[in-house]
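The sequence lines fix the lettering, A, B, ..., with proteins before strands; numbering per chain opens at 1. All values below come from the heavy atoms of this structure, side chains included, with hydrogens, waters and symmetry mates left out.
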Amino acid sequence: MNLWIAFWNILIKDMRTYYLKPPNISWGIIFPLAWTGMFFIRSGSGVEAIESLLPGVMSVSILFGTTSMLAVTVTFEKKNRSFERLLLAPVPFEILMLAKTGGAIVFGAANAFVPVIMAAFLMDLSRVDWIALVPVVFLIATASAFLGLFIAVAVSEVFEAQTFSNFFRFPMIFLCGLFFPIAKLPVFLKPLSYMLPLTYGADILHGAVHGGNSMPLALDFAMLGAFCVFLFAASLRNIKRRWIL
Amino acid sequence: MTEALRIQNLAKQFAGVQAVAGISFSVNQGELFGFLGPNGAGKTTTINMLTGLARPDEGTIRIGGINCTENIRGAQHLIGVVPDESNLYPELTGFENLCFCAALYGLGKSERQNRAHQLLEVFSLTQSGNRKFAGYSKGMKRKLTIAAGIIHRPDILFLDEPTTGIDVASARQVRTLIADLHQSGTTIFLTTHYIEEAERLCRRVAIIVSGRIVAVDTVEALLQPIQEKQVLRISCMNPLGPMQKELVDSFPNLEFTFPEPNLARVESSQRVPAGVLVRFLEEHGAEVLEARRMRPSLEDVFVRITGLEAEVMRKEKEKKGAGQ
């Protein structure tokens with residue numbers, strides 16, 4: 001059987017029915033815009049602050065866009081039983097879940113580039129290391145999508161998915177070094193920072209945008225990749241345990 | 001005859017409750033097999049295990065010779081599933097839903113579009129093919145769900161309560177479609193609470209009660225022991241409540257059941273004296289509407305085996321179906 005046909009059609013179906021709907025497109029534009037404005041005003045600095053704010057706004061845009069959408073769409077399909085259609089198809093779980101998360105990854109990555117486009121009008125982007133920036137955007141989107149999947153498997157109602165997502169997202173924003181340097185965090189919180197995927201993603205983004213990374217990029221990429229593998233494997237294991245009774 | 005499906009000692013427990021307790025039976029290729037049982041008997045759990053939505057605790061399942069307990073994905077391209085609730089995508093049109101389901105089985109673009117058009121025509125849905133599934137009536141939803149179940153031309157089709165909660169005309173159409181599918185050689189595993197539907201469509205049936213198979217045979221063989229039985233059904237305008245005890249006491253040779261307050265079912269190995277009974281009821285204040293002699297049916301076999309009135313089971317299910 002041609003698995004590529006199944007994979008591609010699940011991805012396209014999700015993009016059309018969930019991610020390319022006008023409310024989501026406007027969310028994808030307004031949300032990063034609001035974050036940019038908020039941090040810009042809060043920082044009290046001039047246009048030069050954009051360079052240091054950009055990695056944070058990009059990360060937050062990816063994290064919120066991706067985790068919310070995936071956790072909600074999967075929970076919704078599980079609740080109305082249309083997810084059973086996928087489980088009944090002769091498609092390996094790995095392919096099935098990669099297709100389901102694929103749409104969210106593309107959506108998250110697209111969200112990340114909204115603040116970049118806005119920044120292009122206000123700062124010089126010629127120093128940006130695009131070779132590091134583009135892959136890390138997709139890696140952060142992948143880790144966030146798998147986190148969303150992990151959340152979706154753990155809940156049964158759509159509202160629970162939102163609440164549970166925030167339980168992970170808000171601590172992650174403040175502990176990953178995006179807005180407060182990890183070095184300035186209390187000692188007991190530092191180990192927690194290094195247990196978050198966004199810490200490594202944010203570090204690469206800082207490095208790519210203004211050369212301010214605190215860890216070697218190779219280590220950051222390796223850790224972020226490891227988180228993706230771990231979250232995906234854990235989600236698959238939980239799906240098999242919780243949904244295939 | 002080649003077996004399409006064979007299950008042996010299949011068992012499943014949920015939180016200490018034995019949902020299915022070591023059941024075994026087989027379904028032949030091209031057969032329309034009925035699977036009957038009251039609510040909570042283990043029908044859906046069995047279907048879920050057969051289709052890969054649940055893992056058996058014990059036992060083996062073979063579909064088309066493939067050991068599904070080891071490799072369910074290997075057998076899933078051979079099966080089509082029509083669940084008891086329509087589970088297609090509300091935001092897609094009928095045509096898009098069929099194309100999407102075909103894609104899940106790896107059908108190429110032109111093949112899935114042709115097949116979708118063909119099925120929309122067979123199921124009389126061509127006019128509504130471009131409408132969103134969310135706007136379909138219950139009967140149309142049910143027909144499209146069946147079409148989605150056979151889009152990839154499965155060898156064996158699992159139909160779970162296909163006519164529950166739909167109007168009479170749609171139910172009749174669905175039954176005709178099931179019969180046509182069977183005629184075309186598809187093996188069908190049918191779960192239904194409409195016992196007369198199973199009797200009309202299936203050659204063989206299995207009856208499951210409390211997770212155990214209590215009978216597997218042809219409809220004729222199951223009817224054999226009660227063929228000689230005489231059955232009279234008396235329906236009245238008013239409830240029989242006060243007269244029930246008097247009836248039972250006055251006719252000790254007859255066997256009475258009261259499926260509804262104004263309905264009496266009388267069974268006997270000898271001819272039931274309809275005139276005498278009607279007179280007796282009228283003298284005791286009943287307004288008799290009808291007294292009809294019935295031929296013994298699969299329903300009688302079901303009632304005898306399960307101890308549950310089919311009428312009661314049907315109403316429970318219909319209540320559930322209406323809520324969908």
Side-chain angles (χ1 to χ4, degrees), chain A residues 1-25 69 72-100 102-103 153 156 158 236-245, chain B residues 12-15 19 44-45 47-57 66 68 71-93 96-97 99-109 111-112 132-134 145 148-149 151-152 154 158 160 324:
Chain A
M1 175 185 143
N2 193 341
L3 291 174
W4 172 247
I5 292 177
F7 175 88
W8 181 247
N9 277 275
I10 295 170
L11 180 66
I12 293 297
K13 198 264 312 166
D14 279 2
M15 290 300 288
R16 277 184 51 207
T17 51
Y18 301 126
Y19 302 109
L20 293 179
K21 288 277 159 122
N24 289 327
I25 296 174
M69 286 302 294
V72 169
T73 55
V74 171
T75 312
F76 172 73
E77 286 192 5
K78 185 75 180 61
K79 191 147 179 65
N80 74 9
R81 290 182 64 182
S82 48
F83 201 84
E84 273 179 19
R85 287 237 150 243
L86 306 177
L87 295 177
L88 289 167
V91 182
F93 275 121
E94 294 77 9
I95 305 283
L96 200 63
M97 299 324 295
L98 279 176
K100 285 305 282 181
V153 185
S156 50
V158 174
L236 284 184
R237 184 173 166 271
N238 286 349
I239 287 170
K240 286 177 188 168
R241 271 181 41 198
R242 292 175 62 103
W243 292 356
I244 311 290
L245 297 172
Chain B
K12 180 75 184 172
Q13 224 180 43
F14 289 113
T44 301
T45 304
I47 287 202
N48 283 348
M49 286 192 280
L50 296 179
T51 55
L53 289 179
R55 259 189 301 272
D57 293 336
I66 298 169
C68 299
N71 176 25
I72 184 65
R73 297 278 157 196
Q76 276 177 323
H77 68 282
L78 298 175
I79 64 176
V81 184
V82 179
D84 56 346
E85 283 176 51
S86 299
N87 65 350
L88 292 171
Y89 295 89
E91 60 281 359
L92 298 186
T93 66
E96 287 168 343
N97 261 303
C99 287
F100 178 70
C101 291
L104 292 178
Y105 291 85
L107 270 67
K109 192 175 180 181
E111 190 185 357
R112 57 180 185 257
K132 288 204 170 164
F133 183 70
T145 310
I151 190 94
H152 58 293
F158 291 90
D160 195 2
Q324 286 168 19

**Student:** What is the distance from atom CZ of Arg85(A) to atom CZ of Phe100(B), rounded to the nearest 0.5 Å?
**Tutor:**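 It is 9.5 Å, given to the nearest 0.5 Å.
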
**Student:** Quick check on Ile72(B) against chain A: is it the side chain, the backbone, both or neither that has a heavy atom closer than 4.5 Å?
**Tutor:**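 Ile72(B) has no heavy atom closer than 4.5 Å to chain A.
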
**Student:** Supply the atom-to-atom distance Glu85(B) CD to Ser82(A) OG, rounded to the nearest 0.5 angstrom.
**Tutor:**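 Here the rounded value is 11.5 Å.
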
**Student:** Does Arg73(B) qualify as a cation-pi partner of Phe93(A), given the criterion of NZ or CZ under 6.0 Å from the six-membered ring centre and within 45 degrees of its axis?
**Tutor:**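 Yes, cation above the ring, under 6.0 Å and within 45°.
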
**Student:** Are the side chain of Glu84(A) and the backbone N or O of Pro83(B) linked by a donor-acceptor pair below 3.5 Å?
**Tutor:** no

**Student:** Evaluate Leu87(A) against Leu53(B) for side chain to side chain contact (heavy atoms under 4.5 Å, CB included), listing each step before the verdict.
**Tutor:** CA-CA 7 Å; Leu87(A) 295 177; Leu53(B) 289 179; 3.7 Å; yes

**Student:** State which residue, out of Asn9(A), Ile10(A), Leu88(A), fulfils the side-chain contact (heavy atoms from CB on, under 4.5 Å) condition with Leu104(B).
**Tutor:** Ile10(A)

**Student:** For the atom pair CZ (Arg16(A)) and CD (Glu91(B)), what is the distance rounded to the nearest 0.5 Å?
**Tutor:** 10.0 Å

**Student:** Rounded to the nearest 0.5 Å, how far does CH2 of Trp8(A) lie from NZ of Lys109(B)?
**Tutor:** 11.5 Å

**Student:** State, yes or no, whether a side-chain contact exists between Leu92(B) and Thr17(A) at a heavy-atom distance under 4.5 Å.
**Tutor:** yes

**Student:** Quick one: do Glu96(B) and Lys13(A) satisfy side chain to side chain contact (heavy atoms under 4.5 Å, CB included)? Show the steps, please.
**Tutor:** CA-CA 9 Å; Glu96(B) 287 168 343; Lys13(A) 198 264 312 166; over 6 Å; no

**Student:** Would you mind checking which part of Cys99(B) comes under 4.5 Å of any heavy atom in chain A, side chain (CB onward), backbone (N, CA, C, O), both or neither?
**Tutor:**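 Looking at Cys99(B), nothing touches chain A.
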
**Student:** Count the heavy-atom pairs under 4.5 Å between each of Asn48(B), Ile79(B), Leu88(B) and chain A, then report the option with the highest count.
**Tutor:**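 Max contact count across the listed options: Leu88(B).
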
